[in-house]
Peer 1: 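Quick one: structure below, then a few questions.
Labels below follow one simple rule: chain letters A, B, ... track the order of the sequence lines, proteins then strands, and each chain is numbered from 1.
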Number of protein chains: 2
Amino acid sequence: MARPPKARDKALAAYCALLGTEGERATTIEAVAAGADISKGGVLYHFPSKEALAEAALEAFREECERDLATMAEAPEGPSRHYVRTSWTSGSDLDTYYTAMVRLAQGSWQPAIDALEWIHEAWLRLIREEVGDRHAAEAIMLIGEGLYHHSSMPGEWSRGTFARSLKQLLEQVDRLKA
Amino acid sequence: MARPPKARDKALAAYCALLGTEGERATTIEAVAAGADISKGGVLYHFPSKEALAEAALEAFREECERDLATMAEAPEGPSRHYVRTSWTSGSDLDTYYTAMVRLAQGSWQPAIDALEWIHEAWLRLIREEVGDRHAAEAIMLIGEGLYHHSSMPGEWSRGTFARSLKQLLEQVDRLKA
DNA sequence: GTCTATATGCTGATAGAC
DNA sequence: GTCTATCAGCATATAGAC
């Protein structure tokens, strides 16, 4: 796994992006191949089954999470602000993998459900270490989740409304921290 | 439409429930028929195509929304608390239809996207009329959205964590209102 | 109004050429 | 490693019996 073939990476990226933007139903192997600009056979060489794609996405997600937890724990602005700010989908790798995991969990794929529970628990723990009050920490986390939920939704209204408000929303977070 | 056949209602309910619990991929006409305890042909008599099911769900959603907006506007506890409290999925009709709409929107179905933008805008307007400050209102709405997002997710952690906290989360809402 | 049986097309996966 | 060709199975939808 030192240097995975480029086609493999492209296919995995296309798979995650498609899940997020088009949903599980539209995320066929053929669509993944088209998105990655390779053939169906090419995809199935690197990922022998469709579930293998999901498993690879899961592993990549876990790796990005470890990285994110480290950054969040040491963020100069504090974990709460870091968490809420980055919940507004910015197109980062973590965003893409997280959205893909949510779609897979919504399709009742147990490994994704487990991974999401694990990361939510970890995120909440970091926020709570900063904030102290358990329920203020939960409220802050939920603001982040709400932001994610809106930003990962198709349509323009959410984007217009909350993108403009991010800075002031972080001030609401400060009010809850106090 | 005075008294729609019972089988029709059962099929529509099964369709919405399946979308929420199992996802779009698992929501096949056969699964809907099984959930409603009728045959595939029976489903397709009342809903000539799969999209007809989605359209019926959309209309039912809109009706529930009108009802909810009226209740929310006149809630003795105030729109904010009402909104956040009912965002924690209770199994109401609105919950079921809303979750179904979210899944359809995530599958890029434009009518669902439009309907969700409309209701979010309406909810935010009511909260803002009570709260005054635009960004406090947005934060409150996002707490509700976060709650919905967690409660509609499979898995036990969210349920255990937030179900116990609802009362104290409403106190956080009060802090933001002030 | 509801059923069974069937046609058609799409999706996941395999085989084998290059 | 990547492609094309092909198969088996499944999902949507239709036809027609009851």
Side-chain angles (χ1 to χ4, degrees), chain A residues 1-60 100 103-104 106-112, chain B residues 1-60 100 103-104 106-112:
Chain A
M1 192 195 274
R3 190 163 297 275
K6 211 191 266 181
R8 197 193 126 101
D9 289 346
K10 281 200 296 181
L12 183 56
Y15 169 76
C16 293
L18 267 172
L19 264 182
T21 56
E22 306 290 329
E24 3 160 26
R25 202 136 227 278
T27 306
T28 64
I29 296 183
E30 196 165 8
V32 170
D37 224 357
I38 56 181
S39 74
K40 217 154 93 162
V43 174
L44 283 161
Y45 169 76
H46 294 288
F47 303 97
S49 76
K50 209 184 178 193
E51 190 163 14
L53 271 165
E55 277 155 11
L58 176 61
E59 189 168 341
R103 295 293 178 273
L104 290 170
Q106 287 169 344
S108 296
W109 193 53
Q110 194 61 42
Chain B
M1 193 195 275
R3 190 164 296 276
K6 211 192 267 180
R8 198 193 124 102
D9 289 346
K10 282 200 295 181
L12 183 55
Y15 169 76
C16 293
L18 267 172
L19 263 183
T21 57
E22 305 291 329
E24 1 161 29
R25 205 134 225 278
T27 306
T28 64
I29 295 183
E30 196 165 8
V32 169
D37 223 358
I38 55 180
S39 75
K40 226 154 83 162
V43 175
L44 283 161
Y45 168 77
H46 294 289
F47 303 97
S49 75
K50 211 185 175 189
E51 190 162 16
L53 270 165
E55 275 154 12
L58 176 62
E59 190 169 339
R103 295 293 179 274
L104 290 170
Q106 287 169 344
S108 296
W109 193 52
Q110 194 62 42

Peer 1: CG of A:L53 versus P of C:dG12: gap in Å, rounded?
Peer 2: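 Roughly 10 Å, once rounded to whole Å.
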Peer 1: Quick one: closest heavy-atom pair of B:G107 and B:E24, and the distance?
Peer 2: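 The answer is CA-OE1, 3.9 Å.
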Peer 1: Round to a whole Å and report the spacing from NZ of A:K40 to P of C:dG12.
Peer 2: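 Rounded to the whole Å, the gap is 8 Å.
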Peer 1: For B:I29, answer base if it contacts any base atom (sugar-phosphate contacts may also be present), sugar-phosphate if it contacts only those atoms, and nothing otherwise; contact means non-hydrogen atoms under 4.0 Å.
Peer 2: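 B:I29: backbone/sugar contact only, no base atoms under 4.0 Å.
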Peer 1: Output the rounded distance in Å from CD (B:E24) to C1' (D:dA11).
Peer 2: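 Computing the B:E24:CD to D:dA11:C1' distance gives 14 Å.
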Peer 1: Looking at every strand, decide which applies to B:T28 at a 4.0 Å heavy-atom threshold: base, sugar-phosphate, or nothing.
Peer 2: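 Sugar-phosphate, backbone atoms only, no base.
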Peer 1: Starting from P on D:dT2, measure out to CD on A:E30 and report it in whole angstrom.
Peer 2: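 The answer, rounded to whole Å, is 18 Å.
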Peer 1: B:H46 NE2 to C:dG1 C1': how many Å, rounded?
Peer 2: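 B:H46 atom NE2 is separated from C:dG1 atom C1' by 6 Å.
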Peer 1: If I compare all heavy atoms of B:S108 with all of A:T21, which pair ends up nearest, and what's the gap?
Peer 2: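 It is OG-O, 2.9 Å.
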Peer 1: Between atom OH in B:Y45 and atom P in D:dA15, what is the gap in whole Å?
Peer 2: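 So the OH-P distance, B:Y45 to D:dA15, works out to 16 Å.
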Peer 1: Just do the side-chain contact (heavy atoms from CB on, under 4.5 Å) check on B:F47 and B:I29 with the steps written out, would you?
Peer 2: CA-CA 10 Å; B:F47 303 97; B:I29 295 183; over 6 Å; no
Peer 1: For A:W109 and A:R103, run side-chain contact (heavy atoms from CB on, under 4.5 Å): C-alpha distance rounded to whole Å, both residues' side-chain angles, the deciding distance at 0.1 Å, then the answer.
Peer 2: CA-CA 9 Å; A:W109 193 53; A:R103 295 293 178 273; over 6 Å; no
Peer 1: Measure from CG on B:L44 to P on D:dG16 and round the result to the nearest Å.
Peer 2: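 Answer to the nearest Å: 16 Å.
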Peer 1: Can you tell me how far C1' of D:dA11 sits from CZ of B:R25, to the nearest Å?
Peer 2: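 Value for this atom pair: 11 Å.
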